[in-house]
Amino acid sequence: MMKKFTVLKGIAAPLMVPNIDTDRIIRIERCAGIPRERQGEYMLEMMRLDPDGSENPHFILNKPPFREAKILLAAENFGCGSSRENAVWALMGWGLRCIIAPSFGDIFFGNCFQNGMLPIRLSAATVERLAAAIEADAGNAVLTVDLERQRILTAQGEEITFEVEPLRRRMLLEGLDEIGLTLEHEAEIAAFQNRDRGVRPWLYV
Amino acid sequence: MTLSTATGTAAPSTLFDKLWERHVVAEPAPGVSLLHVDRHFFTDLHSPEFKLLAARGLPVRNPEMTFCVADHVVSSRPGRTGGNAAWSETYLADLRAGSKRYRIKLFDVNDDGQGIAHVIGPELGITQPGMLVVVGDSHTSTHGALGALAWGIGSSEGVHVLATQTVVQRKPKRMRIRFEGTPGPGVEAKDLILHAIGKLGTAAGAGYAVEYAGSAIRALDIEGRLTVCNLSIEMGAKSGMIAPDEKTAAYLRGRRYAPKAEHWDLAVQHWKTFGTDDDAVFEREVEIDVRKIRPQITWGTSPQDVIAIDATIPDPASAGGERRQAMLAALEYMGLVPGQPIAGTKIDWVFIGSCTNSRMSDLRSAANVVRGRKVAAHVRAWVVPGSQGVKRDAEAEGLDRIFREAGFEWREPGCSLCVGANGELVGPGERCVSTSNRNFVGRQGPGARTHLASPPMAAAAAIAGVITDVRQSTLEKR
Ligand code: SF4
């Protein structure tokens, strides 16, 4: 079932490239050809690896301390494009549990919550400020993300508030699963269909 | 929300809001709606999810409302019996086993209804106005062209739909894009929407459901509307839709899954009850003058990187910050030089296909450019019809002959080169003019360079062997 998310303390890696699409996060042949548990090895492979398969030493996630990152700072529209949930599985398989960006692809954003990954929207200015501080000094890279209190604590002791919709927050904190919650509404689903059958009978043939 | 039926008057409301309201089953939390799903397409790439359902011991709640489709992993090779990627057969086997176990209708590899989910949904009349349609695929917005609520979902949500016939959703904001005026020669539905994405940007629709309206939309046939709605996700929108009209009903009448005679009048009556009220308020309104749009082509690695065919490749020096970096990276990947005309760029591949542009009207307009001419010797050119139905109709009209005689390969229906999930790829560094919807880095294969364009523009490029202005190409033909 779903992993809980309460407090996460870890290295944050800045990857300030706008419009990182889910095709880029994990290629289609990895989605189809590699078991879900191993897809982390292929996360962002077109950026992380050179065409011959060796690591690109200049790419941020290949440099210490960012190899150990649990948090990603990203630019606008992160996770746009394809609906592939493999993108979330690959990011998590690589070790990430939280993405902080000014905006996200809508389906990706929803997919995160289904898997215990926390996507946080912060203003572009705030994300850029955090990224700049880390780029200037890797000693600033440790962030603490506290979902209960909806606060990010920086290495210099600054507190940044964020907001997560209450139901989604509760589901992450308690590791609740959406199907389980919806099954409690079975009577309402049945009632809807009974009513609807009278209005749109052609749908029920 | 705004419907106050008690007094018989309703506050002005949008098409989107009206349909949303009609699908609310429950409100599990403030601002969160549980919506009824009327139709669900389950594509081959999702077949592992049947195991997730089985592991939970849950049945499929309404198997008659889901349709399984073999589209992504199937080969497009003539004479195919399955897929040609290493994983294809496993996915197809799991899809067949799941559809059998849960009694879900399957459109298998060579079934007469097979095709890309977003092509067969409308074509078979499975998608209808007023429905809520979901697919584990981001281009589900296509179905909105018939006046349906339609959006892509993830894998977990797909399992949720199978188990509960509902989705948990937060209502997006509303945007309306009006296309006004009559398009000039050589300008297709694809050009209208590519132009809009170029103007607004790939994140402009984030958090919005888009309604397309205006005289140019009303003038489009249903297939053109499907193309417009298809690309909604490329501006980040949750969905795209067009209010149903007489054309919509005429399009659906008699299709395999359309309402049968005994329900037809009732259904049409029902469809007439929605449409955006005159004074409904959208959070964002955009108007686009169609008369100014010229045939479009992308130059970069995002659909927003688009210019008119007679324009020059933009200079990153004109942009700042992150955008400038992104443009530099895109130009490097694409092997293009700023300031040069895009027309005349040599190409290796042409792909006419995908859920964006693989329907009869697309193939007809491409065939009109191709008729009696030859594909340039160095170009590999494919036509992959969107469905078995399109393929049959095209063959009946002789379009396959026009393409074949010109040197195109006439292939079997599926997603094919749009994403390469079946192992069909454009090679590293090769340049392809494609009628699909994504020019992302590596989308058509590692290192592949994609230029998005309309079917006639792709056809003109195949003949010329370089990116070319379809208007010029048509003149030369005369
Ligand atoms: S044709 Fe392309 S965009 Fe459309 S469903 Fe298939 S892979 Fe996705």
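Here is the naming used below: chain letters follow the sequence lines, and residue numbers restart at 1 for every chain.
Panel note: side chain A:Gln150, backbone A:Val164; a donor-acceptor pair is recorded below 3.5 Å. Looking only at distances, no side-chain donor or acceptor of A:Arg97 sits under 3.5 Å from a matching main-chain atom of A:Leu8.
With a 4.5 Å cut-off on non-hydrogen atoms, B:Leu58 touches chain A through its side chain but not through its backbone. Contacts between B:Arg39 and chain A at a heavy-atom distance below 4.5 Å involve the side chain alone, from C-beta outward. Residue B:Arg443 touches chain A through both its backbone and its side chain, counting heavy-atom pairs closer than 4.5 Å. For B:Pro48, no part sits under 4.5 Å from any heavy atom of chain A, backbone or side chain. Contacts of B:Val419 with chain A are made by both backbone and side-chain atoms, with heavy-atom separations under 4.5 Å. Contact of B:Met65 with chain A is made through the side chain alone, with heavy-atom distances under 4.5 Å. Contact annotation for B:Gln169: neither backbone nor side-chain heavy atoms come within less than 4.5 Å of a heavy atom of chain A. Of the two parts of B:Ala85, neither the backbone nor the side chain holds a non-hydrogen atom closer than 4.5 Å to a non-hydrogen atom of chain A. Interface remark: A:Ala87 contributes no atoms to any contact with chain B (heavy atom separation under 4.5 Å). For B:Glu234, no part lies under 4.5 angstrom from a heavy atom of chain A. When heavy atoms are compared at a cutoff of 4.5 Å, A:Glu128 approaches chain B solely by way of its side chain, counted from C-beta outward. For B:Thr202, the parts lying under 4.5 angstrom from a heavy atom of chain A are both the backbone and the side chain. No part of B:Ala86 comes within reach of chain A, as not one of its non-hydrogen atoms sits under 4.5 angstrom from that chain. Contacts of B:His72 with chain A are absent, with no heavy-atom separation under 4.5 Å from either backbone or side chain. Only the side chain of B:Leu52 comes within less than 4.5 Å of a heavy atom in chain A; its backbone stays farther off.
Contact of the A:Leu72 side chain with the A:Ile99 side chain is registered, since non-hydrogen atoms from C-beta on lie closer than 4.5 Å. Proximity of A:Leu118 to A:Phe162: side-chain heavy atoms (C-beta onward) are separated by under 4.5 Å at one or more points. At a threshold of 4.5 Å between non-hydrogen side-chain atoms, the residues A:Phe78 and A:Ile25 count as touching.
Relative ring orientation between B:Trp271 and B:Trp264 is described as perpendicular, the plane-to-plane angle rising above 60° on a 0-90° scale split at 30° and 60°.
Counting heavy-atom pairs closer than 4.5 Å to chain A, the top residue among B:Gly442, B:Gly423, B:Ala329, B:Gly205 is B:Gly442. Put simply, of B:Leu34, B:Thr140, B:Asn437, the one with the most heavy-atom pairs under 4.5 Å next to chain A is B:Leu34. Heavy-atom pairs under 4.5 Å with chain B peak, among A:Arg195, A:Glu76, A:Glu186, A:Arg170, at A:Glu186. The choice from B:Val159, B:Leu266, B:Thr90 that makes the most heavy-atom pairs within less than 4.5 Å of chain A is B:Leu266. Counting heavy-atom pairs closer than 4.5 Å to chain B, the top-ranked of the candidates A:Ile107, A:Asn86, A:Asn111 is A:Ile107. Among the candidates B:Asn62, B:Leu45, B:Leu425, B:Val135, the residue making the largest number of heavy-atom pairs closer than 4.5 Å to chain A is B:Asn62. Annotation: maximal heavy-atom pairing with chain B below 4.5 Å, among A:Glu45, A:Arg36, A:Glu178, occurs at A:Glu178. Note: A:Arg27 leads A:Arg27, A:Glu184, A:Met16 in heavy-atom pairs under 4.5 Å with chain B. Here A:Thr182 is the residue among A:Thr182, A:Thr22, A:Val17, A:Asp196 with the most heavy-atom pairs under 4.5 Å with chain B. Highest contact tally toward chain A, considering only B:Ala29, B:Ala203, B:Ser155, is held by B:Ser155 [criterion: heavy-atom pairs under 4.5 Å]. Heavy-atom pairs under 4.5 Å with chain B peak, among A:Gly81, A:Pro201, A:Cys31, A:Ala191, at A:Gly81. For the set B:Arg170, B:Lys260, B:Glu262, B:Gln325, the entry with the most heavy-atom pairs within less than 4.5 Å of chain A is B:Arg170.
Taking SG of A:Cys112 as the reference point, atom CD of A:Glu85 lies at 9.0 Å (rounded to 0.5 Å). Interatomic distance, SG of B:Cys415 versus CG of B:Asp71, reported as 4.0 Å (0.5 Å rounding). Rounding to the nearest 0.5 Å gives a distance of 8.0 Å between OG of A:Ser83 and CD1 of B:Ile233.
The side-chain tip of A:Arg121 points at the ring of A:Phe109 from less than 6.0 angstrom away and within 45° of straight on.
Judged purely by distance below 3.5 Å, without hydrogens or angles, the side chains of A:Gln193 and B:Arg61 pair a donor atom with an acceptor atom. Side-chain atoms of B:Glu157 and B:His160 form no donor-acceptor pair, as typed in the model, at a separation below 3.5 Å.
Between A:Glu148 and A:Arg169, at least one side-chain nitrogen of the basic residue sits less than 4.0 Å from a carboxylate oxygen of the acidic one, meeting the salt-bridge criterion. A salt bridge links B:Asp38 with A:Arg200: the distance from a Lys NZ or Arg NE/NH1/NH2 to an Asp or Glu carboxylate oxygen falls below 4.0 Å.
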Any chance you could lay out the side-chain hydrogen bond (donor to acceptor under 3.5 Å, both in side chains) test for B:Ser138 and B:Arg438, step after step, and finish with the verdict? CA-CA 11 Å; B:Ser138 57; B:Arg438 287 192 172 134; 2.9 Å; yes
Please report the C-alpha distance between B:Asp305 and B:Arg323 in whole Å, then the side-chain angles of each, then the deciding distance to 0.1 Å, and finally whether the salt bridge (Lys or Arg N to Asp or Glu O under 4.0 Å) criterion is met. CA-CA 11 Å; B:Asp305 299 340; B:Arg323 178 66 190 144; 3.0 Å; yes
